[in-house]
Amino acid sequence: MVRPMSTSGAAKPGKPAKNTAATPEAAPEKTLDRIIGERRDKGVALANAGRNPFRNDVAPRDQIADVRARYTATKPAADAVHEGIVPVDGTMVQVAGRIMAKRGFGKTVFAPLRDRSDDIQLYLNVDNLDAGDFEHVLPNLDAGDIVACEGPVFWTKRGEMSILAKRLWVLTKSLRPLPDKWHGLADVELRYRQRYVDLAVSPDVREVFRKRSMIVRGIRQFLDERNFLEVETPMMHPIVGGAAARPFVTHHNALDMRLFMRIAPELYLKRLVVGGFDRVYEINRNFRNEGLSRRHNPEFTMLEFYQAYATYDDLMNLTEELVASLAKQINGATKVTWDGVEVDLAAPWQRLTVQEAVRTLGGIADAERVFTDPAYAVQMCAQHGVPAADIARAISEGVPAGTVLPYPADQLTALFKTEERDTVAAALIALYPSEHVRRVRAGHLGYLLFEATAEDKLVQPTFLTQFPLAVSPLARRNENAPEFCDRFELFVCGKEIANGFSELNDPDDQRARFAAQMQAKAVGADETMDYDEDYCRALEIGMPPTAGEGIGIDRLAMLLTGQASIRDVILFPLMRPE
RNA sequence: GGGGGCGUAGCUCAAUGGUAGAGCAGCGGACUCUUAAUCCGUUGGUUGUAGGUUCGAGCCCUACCGCCCCCA
């Protein structure tokens with residue numbers, strides 16, 4: 001079947017001679033329109049010669065990479081004498097892909113062809129190519145066209161493996177020109193908006209996404225080998241849970257129900273652990289309604305996995321093994337360059353408590369006092385640039401709900417920007433019901449101080465451990481220090497890659513943590529979890545001792561492919577509409 | 001949200017406030033081992049959008065749109 005090209009009335013013939021005077025009312029044709037018109041005309045010419053320019057009756061038998069592999073060893077010595085064009089063995093290969101360039105020599109045309117696996121050069125010559133193809137197909141061939149080609153393999157004098165084309169079919173006529181053959185597509189905006197063009201012309205970009213796919217496959221293999229069960233849990237949640245982030249809100253019509261796009265699958269996965277699937281994982285999208293940056297995309301991919309009868313310590317060991325083995329599998333080495341820094345992912349990695357990080361990297365000599373004395377912590381935070389709003393909230397969260405504050409709640413942030421800060425803080429701290437709350441609040445401030453002073457100094461892979469309770473509402477308390485949790489985060493080049501902990505499975509403690517989240521929300525925190533009563537009920541059924549972890553797949557892909565922007569590891573990053 | 005940068009032909013980029021150019025691609029021609037092929041000729045522009053200043057604006061000013069970077 002030959003579908004005629006729909007040559008639009010506006011399209012002009014191949015030679016747009018200067019006869020526009022004959023149609024003075026015609027709008028001037030733009031360059032791109034003219035190019036598209038010329039390409040359409042070639043499609044019409046193909047159709048007129050009985051060659052459908054959009055056909056689907058020729059499937060390639062061979063992949064280019066396979067052809068290359070098969071013939072690489074037959075390459076003649078550099079000093080070999082050439083006697084015309086001699087196929088290696090006369091075996092016909094048949095490949096298909098996109099024509100990347102066209103170099104014409106009158107009766108000979110060289111045209112590199114690219115399929116998903118590799119490139120190979122087509123040698124299209126009047127003496128060898130089917131006469132009809134030479135006459136009707138070749139003149140209507142453009143860079144960008146999808147073609148199939150059949151012929152034997154030979155080596156050119158310059159030592160380039162080539163296919164001596166006997167037959168050539170245009171399978172898909174490309175109507176738009178490809179970007180500059182040398183510079184490619186440099187405009188990052190166009191690269192993201194028209195990823196199909198970016199991928200078509202940039203092997204490097206293809207390679208990044210191929211590696212990303214290998215990473216995900218490698219993770220599945222790694223976990224499957226360890227008897228983890230891959231599961232799928234809801235992406236639309238009736239309540240917000242599992243992480244501290246602002247959600248996307250949507251609505252289900254039939255049930256007339258508000259739903260949140262999930263910010264994390266954590267609470268569902270742990271329900272499965274309660275149910276007896278005590279090694280589970282999920283690799284899927286999370287959605288967080290936050291700004292875009294080099295390291296944030298509103299939808300991103302997360303691996304979360306849970307292993308019963310394991311501790312956060314076990315998961316740190318597992319993570320080292322997983323990431324180091326992925327690096328070897330994908331790059332053949334544990335060293336990668338990221339952000340201009342050489343990072344070595346070989347195990348073991350440094351382990352450092354948050355408090356130690358504040359002292360050694362943040363340069364706060366009395367870090368211990370920061371994590372026990374909230375008044376001191378306020379001073380340190382203020383000195384080191386922690387935003388006043390964050391300090392005010394962290395301090396306020398310790399005041400029991402319903403207490404009449406000595407200062408108007410809506411002026412707290414403003415007050416924390418002034419010299420009155422310490423007085424105000426002291427007044428609020430005086431309202432705390434217990435020494436425990438004082439320490440919990442100090443821990444919260446200590447964590448803010450860590451973010452301000454130390455986080456970006458964690459360059460080589462580092463497990464940051466012993467997180468303050470206040471910022472870890474789902475993690476198990478440390479046996480010896482109840483204001484800290486058995487939790488870690490993995491940092492590389494100042495970026496958080498993974499987050500794991502021994503799970504909190506005491507339902508009463510979990511209820512108290514949810515209540516604390518409600519309190520935080522009440523004093524203005526916008527990244528809080530909702531109280532999840534069903535999850536608490538599940539914990540009452542009983543969750544075995546468990547450790548769980550989330551690994552950001554996008555950031556891991558950035559690390560292992562050396563990309564500086566998350567947009568370069570997401571095929572279609574979020575953009576404003578054109 | 002704040003600050004900085006960028007936006008010119010299909011692509012990659014030029015252009016003291018004074019006639020908008022080049023390379024590639026395209027088109028026509030030559031060429032049977034090129035690979036950023038070469039050579040000759042040639043088409044192609046509402047300089048992101050809308051205003052303003054000026055005798056004159058791609059360039060200066062204002063607003064808006066989009067992208068990038070930094071900060072919050």
Side-chain angles (χ1 to χ4, degrees), chain A residues 12-20 27-42 76 80-87 99-114 119-129 134 138-145 154-165 174-194 197-198 200-202 290-296 339 385-390 413 417 448 451-452 456 526 564-568 573-578:
Chain A
K12 292 190 176 176
K15 250 189 213 178
K18 299 206 173 175
N19 57 355
T20 46
E29 198 175 35
K30 288 179 142 182
T31 313
L32 180 57
D33 293 335
R34 201 195 63 231
I35 293 170
I36 291 173
E38 287 161 357
R39 285 174 169 247
R40 283 184 184 279
D41 292 341
K42 290 176 183 173
V81 183
H82 268 271
E83 299 170 9
I85 293 165
V86 184
I99 295 289
M100 299 311 295
K102 190 182 173 190
R103 295 188 284 275
F105 284 79
K107 298 189 170 64
T108 293
V109 170
F110 294 90
L113 180 74
R114 173 174 300 169
D119 291 7
I120 196 166
Q121 176 171 266
L122 305 183
Y123 183 86
L124 304 142
N125 170 285
V126 66
D127 297 332
N128 298 279
L129 185 62
F134 189 86
L138 202 48
N140 294 308
L141 184 70
D142 286 307
D145 291 350
F154 80 106
W155 294 88
T156 67
K157 283 178 188 168
R158 300 290 176 88
E160 175 88 20
M161 187 191 294
S162 306
I163 292 175
L164 181 60
S174 167
L175 298 181
R176 285 176 185 266
L178 292 179
D180 188 286
K181 66 186 171 190
W182 185 243
H183 300 96
L185 195 56
D187 183 323
V188 292
E189 183 176 352
L190 279 185
R191 287 187 44 228
Y192 300 148
R193 289 193 191 280
Q194 300 182 25
V197 177
D198 191 29
V201 302
S202 306
E290 293 161 356
L292 290 76
S293 79
R294 250 166 30 129
R295 50 183 88 170
H296 296 92
D339 270 7
V386 176
D390 293 349
T413 296
K417 286 177 180 166
L448 297 175
E451 289 183 317
D456 60 3
D526 51 7
S565 172
I566 198 169
R567 295 181 200 100
D568 290 320
L574 183 67
M575 304 280 281
R576 282 200 168 82
E578 284 182 74

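Note that the coordinates shown come from a computational prediction; the quantities given were computed from them, not determined experimentally.
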Take atom [atom1] of [X] and atom [atom2] of [N], then tell me their distance rounded to the nearest Å.
X       : N       : atom1 : atom2 : answer
R191(A) : rC67(B) : CZ    : C1'   : 13 Å
L124(A) : rU35(B) : CG    : C1'   : 14 Å
W155(A) : rU34(B) : CH2   : P     : 16 Å
I566(A) : rC69(B) : CD1   : C1'   : 17 Å
R567(A) : rC67(B) : CZ    : P     : 9 Å
M100(A) : rA37(B) : CE    : P     : 12 Å
F110(A) : rU38(B) : CZ    : P     : 14 Å
R193(A) : rC65(B) : CZ    : P     : 14 Å

Quiz item: When you look at NZ of K102(A), are more than 12 heavy atoms from neighbouring residues, nucleotides or ligands closer to it than 6.0 Å?
Solution: yes
Find the distance between [atom1] ([X]) and [atom2] ([Y]) and round it off to the nearest 0.5 Å.
X       : Y       : atom1 : atom2 : result
M161(A) : T156(A) : CE    : OG1   : 10.5 Å
D142(A) : I35(A)  : CG    : CD1   : 10.0 Å
R567(A) : R191(A) : CZ    : CZ    : 11.0 Å
Q121(A) : M100(A) : CD    : CE    : 14.0 Å
N128(A) : T108(A) : CG    : OG1   : 8.5 Å
I566(A) : R295(A) : CD1   : CZ    : 10.0 Å

Exercise. Report which part of the nucleic acid R576(A) touches: base, sugar-phosphate, or nothing (heavy-atom distance under 4.0 Å, all strands).
Key: sugar-phosphate
Practice problem: Select base, sugar-phosphate, or nothing to describe what V126(A) touches, counting heavy atoms under 4.0 Å on all strands. | Solution: base
When you compare [N] with [M], how far apart are their [atom1] atoms, in angstrom units rounded to a whole number?
N       : M       : atom1 : value
rG5(B)  : rC11(B) : P     : 25 Å
rG51(B) : rG10(B) : P     : 23 Å
rG23(B) : rA9(B)  : C1'   : 12 Å
rU19(B) : rU12(B) : C1'   : 25 Å
rU42(B) : rC59(B) : P     : 31 Å
rA25(B) : rA36(B) : P     : 12 Å
rA22(B) : rU43(B) : P     : 10 Å
rU46(B) : rC6(B)  : P     : 23 Å

Provide the Watson-Crick or G-U wobble partner of [N], both distances under 3.5 Å; none if there is no partner.
N       : result
rC55(B) : rG18(B)
rA30(B) : rU38(B)
rA50(B) : rU62(B)
rG1(B)  : rC71(B)
rC24(B) : rG10(B)

Can you check nucleotides 6-13 of chain B for protein contacts, nitrogen or oxygen pairs under 3.5 Å, and list what you find?
| unit_1 | atom_1 | unit_2 | atom_2 | d |
| --- | --- | --- | --- | --- |
| rG10(B) | OP1 | T31(A) | OG1 | 3.3 |
| rG10(B) | OP1 | L32(A) | N | 3.4 |
| rC11(B) | O2' | D180(A) | N | 2.9 |
| rC11(B) | O2' | G184(A) | O | 3.2 |
| rC11(B) | O2 | D180(A) | OD2 | 3.3 |
| rU12(B) | OP1 | A186(A) | N | 3.1 |
| rU12(B) | OP1 | D187(A) | N | 2.9 |

Just N and O in the side chain of [X]: are any of them under 4.0 Å from OP1 or OP2 of [N]?
X       : N       : result
R158(A) : rC33(B) : no
K42(A)  : rC27(B) : yes
R103(A) : rU34(B) : no

Self-check item: Most 5' of D142(A) and G84(A) on RNA chain B, judged by nearest nucleotide
Solution: D142(A)
Exercise. Hey, which sits more toward the 5' end of RNA chain B by its nearest nucleotide, Y192(A) or W182(A)?
Key: W182(A)
Self-check item: Polar pair under 3.5 Å, donor/acceptor by atom type, side chain Q121(A), base rU34(B)
Solution: yes
Qualifying residue for side-chain contact (heavy atoms from CB on, under 4.5 Å) with [X], from [options]:
X       : options                   : result
S174(A) : I36(A), D145(A), L141(A)  : D145(A)
L124(A) : I163(A), V109(A), L164(A) : V109(A)
P179(A) : L190(A), D198(A), V197(A) : V197(A)

Identify all pairs in which a protein N or O lies below 3.5 Å from an N or O of nucleotides 70-72 of chain B, and state each distance.
| unit_1 | atom_1 | unit_2 | atom_2 | d |
| --- | --- | --- | --- | --- |
| rC70(B) | OP1 | R294(A) | NE | 3.4 |

Quiz item: Is E38(A) salt-bridged to R34(A), cutoff N-O under 4.0 Å?
Solution: yes
Quiz item: Taking the side chain of R34(A) as heavy atoms from C-beta outward, which of rU34(B), rC67(B), rG26(B) is closest to it?
Solution: rG26(B)
Quiz prompt | Sidechain-backbone polar pair: N125(A) side chain, D127(A) backbone, donor-acceptor under 3.5 Å | solution = yes
